[in-house]
Amino acid sequence: MTLQRLISAIVTKAAVLSYCAVAFAENGGRMNGEALSESADEITTQIAELDESREDQSFYGPFETGFENWENLWDSVESASGLNLVFAYTTLFQTTSIGATPGMRSGGAGDLDILGRWKLIDEVNAIEWLNEGILGFNFEYRHRIGANTPSDVGLVSGSLWNTATGFNEQEFAPIQYWWQQKLFQNRFMVRIGKLDPSSIFDSYRFNSSNFFFVNQAFADNPTIPFPDNGWGVVGAWYPDDNWFLLFGSTNADGRKVETSTTLDQDIDAWFSAATGGWRGPVGNLGEGLYQITLWHSDPKTNSTRPGATGFSIVAQQELGNQWVPYLRYARSSAAATDTEQLFTIGAVLEDPFGQNGDRLGVSGGWGSPFDRTLRSQGVGEIFYRFEPFPEFQITPSFQFTSNPSRDPSQSLIGIFGIRGRINF
């Protein structure tokens with residue numbers, strides 16, 4: 001009965017989105033790419049960036065033959081079947097200058113991802129209203145390196161936000177699998193399946209702990225009670241070359257990994273959101289992104305957290321000198337998370353010193369908790385990501401937390417980290 005109710009709810013929402021698709025198509029529109037958002041964690045974005053990296057960078061040294069043979073192998077697989085795969089392994093080590101528990105001040109973790117897109121309906125072979133269709137999937141395994149994980153370090157640092165998003169322990173499991181269908185001459189797109197809402201709604205270019213900032217204040221949005229990956233449906237509409245609208249719902253009690261507690265899920269609680277805005281070139285500066293996200297989360301019967309509604313505003317603009325600054329303000333109406341409001345601002349320099357793939361980022365933020373017995377706190381992070389050879393990235397970083405909300409005895413905490421990532 002529980003599974004039937006869940007399927008019924010998803011089908012109902014999918015039917016609503018399909019009806020909207022027809023209405024949107026009548027107004028005219030255009031589909032813009034395959035990714036639903038600018039998040040670097042989007043499966044299609046990761047695959048596209050890896051392909052671009054292979055084209056931009058030359059292979060050299062003792063790895064040249066191996067890299068080229070591997071690339072040629074998967075190029076042939078993609079040409080023959082439409083299947084494109086990425087294997088990625090990411091590690092992160094962090095240590096704090098001060099911590100509530102001395103033995104928990106340092107931690108490390110590894111994250112293995114196997115993700116892909118399989119084009120099963122080709123644009124050429126599609127009928128008039130049914131365009132390209134792809135199957136997306138992501139298998140993930142996370143493990144501890146040493147006594148603690150970076151997530152453990154964040155919990156004892158006294159900060160309102162975790163010092164790292166993800167990088168905990170998780171058994172090998174499929175955390176995303178969905179069908180994505182373009183419709184009506186690519187004017188509309190619908191994605192249905194097990195989804196990651198945090199990489200779809202309220203996303204900008206740099207909110208990814210695998211590629212850019214790792215602190216939760218920048219890599220995520222701690223005012224929004226994003227559920228774990230769960231079943232849902234999302235639609236996208238592009239009325240013209242610049243305006244866009246994303247909208248949809250996922251189960252508010254989603255679970256990335258299916259366990260015995262899955263039977264306790266509240267399938268009647270839903271997380272719904274809409275992100276709309278404008279994206280395109282601004283004069284001679286470059287691409288800009290200006291968007292607003294509205295969201296609502298139902299209260300869950302198996303949690304004391306209330307339902308809540310909130311919003312987030314994001315502005316991101318490329319400049320002619322390769323700097324890409326951004327700012328974001330977000331607020332929640334109720335304590336569905338610990339954070340009531342958050343303001344962040346920062347910038348990333350792309351390809352510094354002429355090095356393709358390198359990134360230099362700096363960001364700062366301030367936020368306040370719902371618990372009035374806790375103080376507001378500030379946060380900052382700086383990183384430099386460089387590629388010693390193609391598909392391998394090393395990212396040293398430094399964070400600071402000022403006036404940590406949960407540790408009034410401290411005024412400033414420093415967090416040092418180093419991340420490594422290899423794609424193949």
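The model shown is predicted, which means the values in this text are computed figures rather than measured ones.
Considering OG1 of T275 and CD1 of I200, their distance stands at 9.5 Å, rounded to 0.5 Å. Atoms CG and CH2, from L195 and W178 in turn, are 8.5 Å apart once rounded to the nearest 0.5 Å. Between atom NE2 of residue H296 and atom OG of residue S333 there is a gap of 8.5 Å, rounded to the nearest 0.5 Å. Atom CZ of F206 is separated from atom OG of S363 by 10.0 Å, given to the nearest 0.5 angstrom. Here CD1 of I415 is found 7.0 Å from CD of Q94. Values are rounded to the nearest 0.5 Å. Here the CH2 atom belonging to W161 is positioned 12.5 Å from the CG atom belonging to D220, to the nearest 0.5 angstrom.
Between W295 and F271, the angle of the ring planes stays under 30°, which puts this pair in the parallel group of the 30/60° scheme. Taking the six-membered ring for Trp and thresholds of 30 and 60 degrees, Y329 and F343 have ring planes inclined between 30 and 60 degrees apart.
Nearest heavy atoms, D351 versus G357: OD1-N, 3.0 Å. Nearest approach of G116 to L85, heavy atoms of both residues: CA-CD2, 4.1 Å. In plain terms, the two heavy atoms of S203 and S198 that are nearest each other are OG-O, 3.4 Å. What you find for N229 and K194 is that their closest heavy atoms are O-CE, 3.5 Å. Nearest heavy-atom pair across T337 and F370 is O-CD1, 3.5 Å. Looking at every heavy atom in both residues, N162 comes nearest to P150 through OD1-O, 3.9 Å.
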Side chain to side chain contact (heavy atoms under 4.5 Å, CB included) assessment of F213 paired with V348: CA-CA 10 Å; F213 304 100; V348 171; 4.0 Å; yes

Candidate pair V214 and Q399, rule side chain to side chain contact (heavy atoms under 4.5 Å, CB included), full reasoning: CA-CA 9 Å; V214 297; Q399 301 178 35; 3.3 Å; yes

Audit row: L115, I47, side chain to side chain contact (heavy atoms under 4.5 Å, CB included) steps and yes/no: CA-CA 9 Å; L115 51 91; I47 292 173; 4.0 Å; yes

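Remark: N403 pairs with R375, S411 by the side-chain contact (heavy atoms from CB on, under 4.5 Å) rule, at least two apart or across chains. Applying the salt bridge (charged side-chain N to carboxylate O under 4.0 Å, His left out) test to R328 and every residue at least two apart in sequence or in another chain returns D202.
Side-chain contact check for N168 and R142: at least one donor-acceptor pair (N or O, by modelled atom type) lies under 3.5 Å.
Residue F416 forms a ring-ring contact (aromatic ring centres under 6.0 Å, His included) with just one option from F398, F400, F93, and that option is F398.
In summary, E287 and R205 do not engage in a salt bridge, as defined by a charged side-chain N under 4.0 Å from a carboxylate O. Using a 4.0 Å cut-off between charged side-chain N and carboxylate O, R255 and D228 make no salt bridge. The residues R372 and E340 are annotated as salt-bridged, a charged nitrogen and a carboxylate oxygen being separated by less than 4.0 angstrom.
In this structure the side chain of Q410 never reaches within 4.5 angstrom of the side chain of T401, judged on heavy atoms.
Figure legend: cation-pi geometry between R359 and F383 absent, as NZ or CZ is not positioned both under 6.0 Å from the six-membered ring centre and within 45° of its axis.
Heavy-atom neighbours of W366 CH2 from other residues, nucleotides or ligands within 6.0 Å: above the threshold of 12.
Under the 6.0 Å cut-off for aromatic ring centres, Y290 and W243 do not qualify, their centroids lying 6.0 Å or more apart.
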